[in-house]
Amino acid sequence: MEEKENIVENLEEVKEDKKVKKEKKKNNKEIEKLQEEKNILNDKLLRVSAEMQNMKRRYEDEITRIYRYEGEFFIKKTLGVLDNFERAINMDNDNLEDEVSKFLNGFKLIYNELKKNLEEIEVVEINCLNEPFNPETMEAVMTEVAEGKDSGIVTEVMLKGYKYKDKVIRPAMVKVNE
């Protein structure tokens, strides 16, 4: 009888072992599934974190650019005034009356002061006369055939171009030799 009881006990132990193994297997599958989900969530977290850092960097770059070129709109508007002063002072004042010559001298003083102020804030004229045509700083509005000059050389500046710091804010409008 005792043997029978031992066998029954052993059978019960075997059954329990099978149950425990099944439970362990089931638990292992759940653990693997949870670890996979954790890995996916960690990956998503890393991606979101990297995207946030990129957005922050782009935002800071944009703010820096805005501050760097903060007066650009006003400077562009001022360049038209500078052009008009230049046209006025380029008038031939040989045949002008004394009163008009005084106005012209006043215009020259205002023009020089305005140009000096622009240069102080790093607005510089683009030098392009007799230079090779550069599409980054110039806009060709006309072409001509001038003997004695190489092809692609600027022969006349129709409207001066300007840079603000390192940025072209107005390309020069030029006539280019063919």
Query raised in the report: Can you name the closest pair of heavy atoms from Y69 and K165 and give their distance?
Result: CE2-CB, 4.0 Å
Query - M142 reachable from M138 in the ILVMFWY side-chain graph, under 4.5 Å edges - result: no
**Report entry** Lys/Arg-Asp/Glu bridge criterion (N-O < 4.0 Å) met for E62, R65
**Finding:** yes
Query raised in the report: Any donor-acceptor pair under 3.5 Å linking the side chain of T64 with the backbone of E60?
Result: yes
Report task. Say whether V174 and V145 are linked into one hydrophobic cluster, either directly or through other cluster members, by side-chain heavy-atom distances under 4.5 angstrom. Result -> no
Query raised in the report: Nearest heavy-atom pair of K175 and M158: which atoms, and what distance?
Result: N-CG, 4.4 Å
**Report entry** Pair N90, R87: side-chain N/O donor-acceptor within cut-off below 3.5 Å
**Finding:** no
Query raised in the report: Between N177 and D150, is there a donor-acceptor pair closer than 3.5 Å when you use the side chain of the first and the backbone of the second?
Result: yes
Query raised in the report: Can Y162 be reached from I126 by stepping across I, L, V, M, F, W or Y side chains whose heavy atoms are under 4.5 Å apart?
Result: no
Requested in this report: Report whether F73 and Y67 are members of the same hydrophobic cluster (ILVMFWY, side-chain heavy atoms less than 4.5 Å apart, transitive linking).
Outcome: no
Query - Residues, nucleotides or ligands: over 12 heavy atoms within 6.0 Å of R58 CZ - result: yes
Report summary line: Partner of C128 under side chain to side chain contact (heavy atoms under 4.5 Å, CB included), picked from V157, V176, T137, is V157
Query raised in the report: Any link between L109 and Y111 through a network of hydrophobic side chains (Ile, Leu, Val, Met, Phe, Trp, Tyr) touching at under 4.5 Å?
Result: no
Requested in this report: Using a strict 4.0 Å threshold on nitrogen-to-oxygen distance, state whether E72 and K76 make a salt bridge.
Outcome: yes
Query raised in the report: Could E113 and K116 be called an ion pair, given the rule that one side-chain N must be under 4.0 Å from one carboxylate O?
Result: yes
